[in-house]
Peer 1: 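Shown below is the structure under consideration.
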Amino acid sequence: MAGFEQLMLGTPRLLLRPLADGDAAALMAIFSDPAVTRYWSAPPWTHLDAAHAMIERDRRAVADGDYLRLALERHEDRALIGTCTLFALNPQSRRAELGYVLSSREWGRGFMHEALLALLDHGFGALALNRVEADIDPRNQASARSLQRLGFAQEGYLRERWIVGDEVSDTALYGLLRRDWLARRPGPAPSTPAS
Ligand SMILES: CC(C)(COP(=O)(O)OP(=O)(O)OC[C@H]1O[C@@H](n2cnc3c(N)ncnc32)[C@H](O)[C@@H]1OP(=O)(O)O)[C@@H](O)C(=O)NCCC(=O)NCCS
């Protein structure tokens, strides 16, 4: 896939943009919070090196179009409050997986819903995806509700799919099709490269 370096998406309260060097401290604050990583696929970060490594990994991946992670930067104060990602991109099947994380200080204010509306519009529009999947811990009710509100349906239940530290956990697999998205979203259809 083409690179995503120049990609920026705007929402009423947020700028979605690739990670930058100055984001390490804000990422560390988010990913070192055990409340945030409770149902995450990795334990909380304990060292700033992990933040620098994520930024460096993203620089290469975003340039190569391997995955698309965008920071949620709030217009009001330019604070980085979370990230959202389309990854495991499969060009042949026009499929990707969705991931997202928000600072616990910002939960309950609709920021992630706003960001994911823009990211999914871009995914089903410019990226011409046909299907987006999300793999979540079935106990993660805030995440499940967030997906349901966007129109995702639970399609599967995979037992003991993750082992993080000593904890074994299951997966609830959610899916959203392009035609479901187009049927639900308000306003004109997002433009695809072919349209
Ligand atoms: C998932 C996440 C982004 C959701 O963001 P948020 O700002 O908390 O979302 P909201 O407050 O709008 O909550 C979403 C819905 O879940 C509900 N909810 C929130 N916490 C809940 C809980 N503990 N139990 C049940 N429902 C809950 C809310 O009422 C809301 O429902 P509604 O849409 O019907 O009003 C955020 O919780 C987060 O970053 N969690 C940590 C990272 C994570 O788990 N990411 C997903 C991994 S795949």
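Whatever order the structure lists ligands and atoms in, that order sets their numbers, starting from 1. Just so it is clear, the model here is predicted, and its values are computed rather than measured.
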Peer 1: Is Ser143 in contact with ligand 1, taking contact as a heavy-atom separation below 4.0 Å?
Peer 2: yes
Peer 1: Compare Thr85, Leu102, Leu147, Leu98 and give the one whose heavy atom is closest to atom 5 (O) of ligand 1.
Peer 2: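 The nearest heavy atom belongs to Leu102.
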Peer 1: So for ligand 1, is Gly108 a polar contact partner (N or O within less than 3.5 Å, distance only)?
Peer 2: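 Right, the criterion is met.
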Peer 1: Do side-chain atoms of His75 reach the backbone of Thr11 as a donor and acceptor pair under 3.5 angstrom?
Peer 2: yes
Peer 1: Among protein heavy atoms, which sits nearest to atom 19 (C) of ligand 1, and what does the distance come to when rounded to 0.1 Å?
Peer 2: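 For atom 19 (C) of ligand 1, the nearest protein heavy atom comes out as Ala142 CB, 3.4 Å.
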Peer 1: For atom 42 (C) of ligand 1, what's the nearest protein heavy-atom neighbour? Residue, atom name and distance, please.
Peer 2: Val36 O, 3.4 Å
Peer 1: Decide salt bridge (Lys or Arg N to Asp or Glu O under 4.0 Å) for Glu167 and Arg38; before the verdict, give the C-alpha distance in whole Å, the side-chain angles of both, and the deciding distance to 0.1 Å.
Peer 2: CA-CA 11 Å; Glu167 189 174 2; Arg38 173 68 188 90; 3.3 Å; yes
Peer 1: Return a yes/no value for Arg145: is any of its N or O atoms, backbone included, closer than 3.5 angstrom to an N or O of ligand 1?
Peer 2: yes
Peer 1: Any N or O of Tyr100 that comes nearer than 3.5 Å to an N or O of ligand 1?
Peer 2: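 Right, the criterion is met.
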Peer 1: Do the side chain of Ser103 and the main chain of Arg105 share a donor and acceptor less than 3.5 angstrom apart?
Peer 2: yes
Peer 1: Using the side chain to side chain contact (heavy atoms under 4.5 Å, CB included) rule, take Leu14 and Ile81 through it: C-alpha gap first, then chi angles, then the decisive distance, then the call.
Peer 2: CA-CA 10 Å; Leu14 300 167; Ile81 60 168; 4.0 Å; yes
Peer 1: Is a side-chain donor or acceptor of Arg178 paired with a backbone partner of Leu129 at a separation under 3.5 angstrom?
Peer 2: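 Absent.
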Peer 1: If hydrogens are left out, which of Tyr174, Phe31, Trp107 has an atom nearest to atom 8 (O) of ligand 1, that is, the closest non-hydrogen atom?
Peer 2: Trp107
Peer 1: I'd like to check atom 2 (C) of ligand 1 in this structure: does the protein have a heavy atom lying under 4.0 Å from it?
Peer 2: no
Peer 1: Any protein heavy atom sitting closer than 4.0 Å to atom 29 (O) of ligand 1?
Peer 2: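 Neighbour list for atom 29 (O) of ligand 1 is empty of protein heavy atoms (cut-off 4.0 Å).
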Peer 1: Are Arg57 and Tyr67 side-chain neighbours, meaning at least one heavy-atom pair lies under 4.5 Å?
Peer 2: yes
Peer 1: Run the numbers for me: atoms of ligand 1, each under 4.0 Å from some heavy atom of Ser146, listed by number.
Peer 2: 4 (C), 14 (C)
Peer 1: My question is simple, although I want it checked carefully: is atom 11 (O) of ligand 1 less than 4.0 angstrom from any protein heavy atom?
Peer 2: yes
Peer 1: Could you list the atoms of ligand 1 found under 4.0 angstrom from a heavy atom of Ile136?
Peer 2: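 Atoms satisfying the 4.0 Å criterion: 48 (S).
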Peer 1: Under 3.5 Å, is there a donor-acceptor pair between the side chain of Asp137 and the main chain of Arg139?
Peer 2: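 Pair found, side chain donor or acceptor close to backbone of Arg139.
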Peer 1: Angle between ring planes, Trp45 versus Phe31, binned at 30° and 60°: parallel, tilted or perpendicular?
Peer 2: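 Answer is parallel, since the angle falls under 30°.
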Peer 1: Protein non-hydrogen atoms only, distance under 4.0 Å: does atom 40 (N) of ligand 1 have such a neighbour?
Peer 2: yes
Peer 1: Looking only at distances, please establish whether an N/O atom of ligand 1 is found under 3.5 Å from an N/O atom of Asn140.
Peer 2: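 Indeed, backbone or side chain, Asn140 has an N or O that close.
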Peer 1: Consider side chain to side chain contact (heavy atoms under 4.5 Å, CB included). Of Asp58, Thr83, Ile55, Ile30, which one does Asp23 pass it with?
Peer 2: Ile55
Peer 1: Can a non-hydrogen atom of Arg149 be found less than 4.0 Å from any atom of ligand 1?
Peer 2: yes
Peer 1: Have a look at Arg13 and tell me which of Glu114, Glu76, Glu73 forms a side chain to side chain donor-acceptor pair (under 3.5 Å) with it.
Peer 2: Glu114
Peer 1: Quick one: does Asn130's side chain have a donor or acceptor within less than 3.5 Å of a partner on Arg94's backbone?
Peer 2: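 Judged by distance alone, no pair lies under 3.5 Å.
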Peer 1: Looking only at protein heavy atoms, identify the closest one to atom 23 (N) of ligand 1 and say how far it is in Å.
Peer 2: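 Going by distance alone, atom 23 (N) of ligand 1 is nearest to Gln141 CB, 4.9 Å.
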